[in-house]
**Student:** 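Take a look at this one; I'll ask things after.
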Amino acid sequence: VPQKPQIFGHEQPIDEEKIARLTCRSSGSKPAAQLRWKKGNKELKDGGTVVAEDPNGKTFTVSSSVEFRVTKEDNEAEVTCTVDHESLQNSERSTTQKLQVHCTPQEFLWEKEGSDAPLQLSSDSILIFPFLNKSDSGTYVCTATSSMGSVVAKYNLDVTLQDTLSHEWDELQPLPQSRVPQHLPLSLFSPLAPWADASPVPSTSSTYHAVIGGVVAVIVFLLLSLLIVLGHYLIRHKGTYLTHEAKGSDDAPDADTAIINAEGGQAGGDDKKEYFI
């Protein structure tokens with residue numbers, strides 16, 4: 001009596017427009033059983049049957065393969081393999097497997113919660129931040145749309161004052177009543193972000209501090225240069241002060257005599273000499 005058939009090749013989701021290759025196998029039949037395929041209510045033509053003798057040398061294992069191109073309508077479709085054998089009489093043994101179709105999104109819409117205008121709408125799943133600022137903190141929403149429906153993912157971005165980024169993922173929440181892709185290639189990217197580069201993340205605040213420090217250093221240098229030039233000028237143009245005391249005041253016994261001697265000396269100096277012939 002043939003055993004219940006088994007289907008192989010369906011372990012992973014199948015990409016849309018790719019070729020699905022499934023194999024059905026049943027052992028323990030004598031004579032060899034027949035295998036047939038269905039997808040939904042539609043018969044599928046197999047690619048050939050292989051019969052191999054079992055190790056006991058009395059029964060046979062039968063394998064059958066089928067190939068078909070997958071479309072979005074095949075998502076959740078049931079593929080059935082049925083074994084026919086004379087020992088089963090009017091009964092049948094079959095195995096059913098549901099297909100999982102992976103559809104690549106064609107459009108990605110990026111939005112930030114609290115912002116009215118969308119950030120980006122394109123076929124590119126990556127949102128790029130040329131420079132990160134504190135104002136970039138918030139919750140970002142990406143909506144990926146394909147021919148099978150849409151899926152939404154959220155990303156919490158926190159730009160801290162210590163120039164570090166902390167982030168956490170929210171669970172993917174599909175839109176109600178829509179068939180969604182199995183994978184959403186959602187990502188944020190910044191050339192300055194830690195997950196893009198191992199180097200520290202510069203911030204605008206540190207840049208401002210560097211600029212202010214440079215300006216202060218230039219001002220201090222100019223003041224010191226000015227003080228050096230001014231000091232050099234004062235040293236080279238230092239003035240001298242001379243006093244002119246009246247002659248004869250050094251031998252005077254008191255101040256009054258010194259004044260009289262000084263006046264007399266000046267008057268004598270100014271008198272004109274007369275000569276009589």
**Student:** Using side-chain contact (heavy atoms from CB on, under 4.5 Å), reason through V152 and V141 one step at a time and then give a plain yes or no.
**Tutor:** CA-CA 7 Å; V152 177; V141 181; 3.6 Å; yes
**Student:** Minimum heavy-atom separation for L127 to Y140, with atom names?
**Tutor:** CD2-CD2, 4.0 Å
**Student:** Measure the CG-OG1 distance between L44 and T80 for me, rounded to the nearest 0.5 Å.
**Tutor:**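 Reported value, rounded in 0.5 Å steps: 9.5 Å.
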**Student:** Of the non-hydrogen atoms in V79 and F68, which two are nearest, and what is the gap between them?
**Tutor:** CG2-CZ, 4.3 Å
**Student:** If you round to the nearest 0.5 Å, how far is NZ of K30 from CD of E53?
**Tutor:**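 Output value for this atom pair is 9.0 Å.
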**Student:** Surrounding CD of Q106 (heavy atoms of other residues, nucleotides or ligands, distance under 6.0 Å), is the total greater than 12?
**Tutor:**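 For Q106, atom CD is crowded (more than 12 foreign heavy atoms under 6.0 Å).
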**Student:** List the residues meeting side chain to side chain contact (heavy atoms under 4.5 Å, CB included) with V229, not counting sequence neighbours, and say none if there are none.
**Tutor:** none
**Student:** For K58 and F60, work out which heavy atoms get closest and say how close.
**Tutor:**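 Nearest heavy atoms, K58 then F60: O-CE1, 4.4 Å.
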**Student:** Identify, with sequence neighbours excluded, every residue that meets side-chain hydrogen bond (donor to acceptor under 3.5 Å, both in side chains) alongside D84.
**Tutor:** R36
**Student:** Could you work out, with side-chain hydrogen bond (donor to acceptor under 3.5 Å, both in side chains) as the rule, every residue matching R93, not counting sequence neighbours?
**Tutor:**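 In terms of side-chain hydrogen bond (donor to acceptor under 3.5 Å, both in side chains), with neighbours along the sequence ignored, R93 is linked to no residue.
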**Student:** Is it the case that over 12 heavy atoms from other parts of the model lie below 6.0 angstrom from the CG atom of N56?
**Tutor:**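 Counting other residues, nucleotides and ligands, CG of N56 exceeds 12 neighbours.
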**Student:** Is any side-chain heavy atom of S29 closer than 4.5 Å to a side-chain heavy atom of H85?
**Tutor:** yes
**Student:** Considering only residues two or more places apart or on different chains, which pairs with a residue in residues 18-29 satisfy salt bridge (Lys or Arg N to Asp or Glu O under 4.0 Å)?
**Tutor:** D15-K18, R21-E67
**Student:** Which pair of heavy atoms, one from Q3 and one from V83, lies closest together, and at what distance?
**Tutor:** O-CG1, 4.2 Å
**Student:** Is there side-chain contact between Q100 and N75, with heavy atoms separated by less than 4.5 Å?
**Tutor:**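 Side chain of Q100 against side chain of N75, heavy atoms only: contact under 4.5 Å found.
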**Student:** Walk me through whether F131 and D136 qualify under side-chain contact (heavy atoms from CB on, under 4.5 Å).
**Tutor:** CA-CA 9 Å; F131 298 98; D136 292 326; over 6 Å; no
**Student:** What is the distance from atom CD of Q120 to atom CD1 of I126, rounded to the nearest 0.5 Å?
**Tutor:**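 Separation between the atoms: 9.5 Å.
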**Student:** Do P2 and L88 have side chains that get closer than 4.5 Å, going by heavy atoms?
**Tutor:** yes
**Student:** Taking only residues two or more places apart in sequence or in another chain, which ones pass side-chain hydrogen bond (donor to acceptor under 3.5 Å, both in side chains) with K39?
**Tutor:**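 Listed in chain order: D74.
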**Student:** Of all residues at least two apart in sequence or in a different chain, which pass the side chain to side chain contact (heavy atoms under 4.5 Å, CB included) check with V218?
**Tutor:**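 Here the qualifying residues are L222.
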**Student:** Side chains of I19 and V70: does their closest heavy-atom pair fall under 4.5 Å?
**Tutor:** no
**Student:** Is the closest side-chain heavy-atom distance between E17 and R69 below 4.5 Å?
**Tutor:**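 E17 vs R69: side chains touch.
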**Student:** If I take atom CZ from residue R236 and atom NE2 from residue H232, how far apart are they, to the nearest 0.5 angstrom?
**Tutor:**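 The CZ atom of R236 sits 5.0 Å away from the NE2 atom of H232.
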**Student:** Do L157 and F129 make a side-chain contact, defined as non-hydrogen atoms from C-beta onward lying under 4.5 Å apart?
**Tutor:** yes
**Student:** Which ILVMFWY residues are connected to V220, directly or by a chain of links, through side-chain heavy atoms under 4.5 Å apart?
**Tutor:** I212, V216, L224
**Student:** Sequence neighbours left out, what passes side-chain hydrogen bond (donor to acceptor under 3.5 Å, both in side chains) with Q97? Give chain and number order.
**Tutor:** H10
**Student:** Pairs in or reaching into residues 53-102: which pass disulfide (SG to SG under 2.5 Å), with residues at least two apart or in two chains?
**Tutor:**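 Passing the test, one end in residues 53-102: C24-C81.
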**Student:** Without swapping roles, check the side chain of T145 against the backbone of S150 for a donor-acceptor pair under 3.5 Å.
**Tutor:**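 Here the side-chain-to-backbone pair does not exist.
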**Student:** Flag the pair T59 / D54 as yes when at least one side-chain heavy-atom distance between them is below 4.5 Å, and no otherwise.
**Tutor:** yes
**Student:** For the residue pair I7 and T95, what are the closest heavy atoms and their distance?
**Tutor:** CD1-O, 3.5 Å
**Student:** Looking at every non-hydrogen atom in both residues, tell me the closest pair between C142 and F108 and how far apart they are.
**Tutor:**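 Looking at all heavy atoms of both residues, the closest pair is SG-CD2, 4.0 Å.
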**Student:** Quick one: salt bridge (Lys or Arg N to Asp or Glu O under 4.0 Å) pairs with a partner in residues 104-130, sequence neighbours left out?
**Tutor:**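 Passing the test, one end in residues 104-130: E113-K154.
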**Student:** For T49, check side chain to side chain contact (heavy atoms under 4.5 Å, CB included) against everything at least two apart and list the hits.
**Tutor:** D46, V51, V62, S64
**Student:** With rounding to the nearest 0.5 angstrom, report the CG to OG distance, L230 to S225.
**Tutor:**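 Atom-to-atom, L230:CG and S225:OG are 12.5 Å apart.
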**Student:** Using side chain to side chain contact (heavy atoms under 4.5 Å, CB included) as the criterion, list what pairs up with I219, not counting sequence neighbours.
**Tutor:**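 I219: side chain to side chain contact (heavy atoms under 4.5 Å, CB included) contacts with V215, L223.
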**Student:** Using 0.5 Å steps for rounding, measure from the OG1 atom of T82 to the CG atom of L35.
**Tutor:**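 T82 OG1 to L35 CG: 9.0 Å, rounded to 0.5 Å.
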